[in-house]
Amino acid sequence: MRIILMGPPGAGKGTQAKVIAERLGVPAVSTGDIFRANVSQETPLGVEAKRYMDAGEYVPDSVTNEMVRDRLAQDDAKKGFLLDGYPRTVAQVEELDAMLEEHGAAIDAVVVLTVDEDEIVQRLLKRAEIEGRTDDTEDVIRRRQEVYNEQTAPLIAVYADHGLLSEVDGMGSVDEVTARVFAALDATGAAAS
Ligand code: B4P
């Protein structure tokens with residue numbers, strides 16, 4: 001199965017993606033994680049991505065799309081995947097559609113995690129204390145929320161129009177949210193496919 005996990009920064013996409021993908025036996029493909037791995041290895045991609053990430057901006061579509069195309073072409077993604085944090089722009093949706101079409105594949109479900117803005121800021125400030133991520137400062141968190149509202153929130157309506165969308169309450173414990181995601185996937189039949 002092919003699933004997209006969406007939601008504002010700090011909604012818990014990465015946290016849930018790992019659990020859900022493991023249970024479904026598909027790879028979790030997180031564009032944020034791939035960028036961060038490149039940043040820590042100081043690859044040319046990482047050097048470029050860091051400039052945008054530290055400012056709370058999206059990495060340009062051309063860079064992100066090419067990276068995802070390479071990742072989804074790997075063997076472990078042939079039978080399915082869970083995309084965490086991609087697509088985030090209209091251009092990324094179009095590119096993903098083109099990639100899937102080339103493989104005669106399609107998205108089975110899009111899950112959006114919804115979390116109150118205050119809770120998001122609390123989660124990310126807490127993560128800043130633990131992990132020291134350079135994009136978890138209060139100013140950058142605010143900018144990331146703006147960018148999400150401007151560029152990514154409109155995609156929710158696009159996937160709703162395609163009949164693929166499930167909105168899941170992301171408040172509460174990690175386990176509670178996971179249970180809600182699986183209930184939503186069961187309701188769509190995606191988890192069983
Ligand atoms: P991401 O890595 O996707 O980061 P995120 O949106 O902040 O995190 P996520 O929602 O996954 O939250 P998490 O589970 O960690 O993106 C980082 C940056 O990369 C972007 O700003 C952008 O620059 C770039 N980028 C990524 N994808 C891109 C794309 N497609 N195009 C362009 N640029 C792109 O959870 C947050 C915190 O909450 C954690 O500390 C977690 O432990 C905690 N938490 C999770 N669930 C919880 C719960 N139920 N209760 C309490 N705490 C919880």
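We count ligands from 1, going down the list as the structure has it; atoms in each ligand are counted the same way.
Distance alone, capped at 3.5 Å, is enough to place a donor-acceptor pair between the Lys13 side chain and the Pro8 backbone. A donor-acceptor pair under 3.5 Å links the side-chain atoms of Asp169 to the main chain of Met171, judged by distance alone. No donor-acceptor pair closer than 3.5 Å links the side chain of Glu119 to the backbone N or O of Val115. With Arg23 contributing its side chain and Ile20 its backbone, the two residues share no donor-acceptor pair below 3.5 Å.
Look at Lys126 and Glu129 and you find no salt bridge, because none of the NZ, NE, NH1 or NH2 atoms lies under 4.0 Å from a carboxylate O. The pair Arg69-Glu102 meets the salt-bridge criterion, since a charged nitrogen lies less than 4.0 angstrom from a carboxylate oxygen. Ion pairing between a basic and an acidic side chain is recognised when a charged N comes within 4.0 Å of a carboxylate O; Glu138 and Arg142 show such pairing. Under the 4.0 Å criterion applied to side-chain N and carboxylate O atoms, Asp54 and Arg133 are not assigned as salt-bridge partners.
Not a single heavy atom of Gly7 sits less than 4.0 Å from an atom of ligand 1. The shortest separation from a heavy atom of Gly172 to ligand 1 is under 4.0 Å, placing the residue in contact.
Between Tyr58 and Thr152, the side chains place a donor N or O and an acceptor N or O closer than 3.5 Å (distance only, hydrogens not considered).
When each atom of ligand 1 is checked for a heavy atom of Tyr58 under 4.0 Å away, the hits are 32 (C), 33 (N). Contact atoms of ligand 1 toward Thr64: 29 (C), 30 (N), 31 (N), 32 (C) (distance under 4.0 Å to a heavy atom of the residue). Of all the atoms in ligand 1, the ones that sit under 4.0 Å from a non-hydrogen atom of Ala11 are 10 (O). Residue contact check: Glu57 has heavy atoms under 4.0 Å from atoms 22 (C), 23 (O) of ligand 1. Every atom of ligand 1 with a heavy atom of Arg36 under 4.0 Å away is listed here by number and element: 2 (O), 17 (C).
Looking only at heavy atoms of the protein, atom 8 (O) of ligand 1 is closest to Gly10 N, 3.7 Å. Protein heavy atom in closest approach to atom 16 (O) of ligand 1: Arg88 NH2, 3.4 Å. When hydrogens are left out, the protein atom nearest atom 33 (N) of ligand 1 is Val59 N, 3.1 Å; that is the closest non-hydrogen contact. Protein heavy atom in closest approach to atom 11 (O) of ligand 1: Gly14 N, 2.7 Å. Nearest protein heavy-atom contact of atom 34 (C) of ligand 1 is Phe35 CE1, 3.7 Å. Counting protein heavy atoms only, atom 39 (C) of ligand 1 is closest to Arg127 CD, 3.8 Å. With hydrogens left out, the protein atom closest to atom 4 (O) of ligand 1 is Arg133 NH2, 3.5 Å, a heavy atom. Nearest protein heavy-atom contact of atom 31 (N) of ligand 1 is Gln92 NE2, 2.9 Å.
Closest to atom 14 (O) of ligand 1 by heavy atom, among Thr89, Leu124, Val140, Thr15, is Thr15. Ranked by closest heavy atom to atom 7 (O) of ligand 1, the top entry among Glu129, Lys13, Arg144 is Arg144. Of the listed residues (Lys50, Met171, Glu119, Arg123), the one carrying the non-hydrogen atom nearest atom 46 (N) of ligand 1 is Arg123.
The part of Pro8 lying near ligand 1 is the backbone, judged by heavy-atom distances below 4.0 Å. Here Ser173 has backbone heavy atoms under 4.0 Å from ligand 1, and that is the only part of it that gets that close.
Residues Thr89 and Leu155 approach most closely at N-CD1, 3.7 Å, considering heavy atoms.
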I'd like to know whether Thr137 forms a side chain to side chain contact (heavy atoms under 4.5 Å, CB included) with Ile141, so could you lay out the CA-CA distance, the side-chain angles of the two residues, the decisive distance to 0.1 Å, and finally the verdict. CA-CA 6 Å; Thr137 62; Ile141 292 169; 5.9 Å; no
Q | salt bridge (charged side-chain N to carboxylate O under 4.0 Å, His left out) evaluation trace for Asp76 with Arg71 | A | CA-CA 9 Å; Asp76 65 341; Arg71 179 64 189 88; 2.8 Å; yes
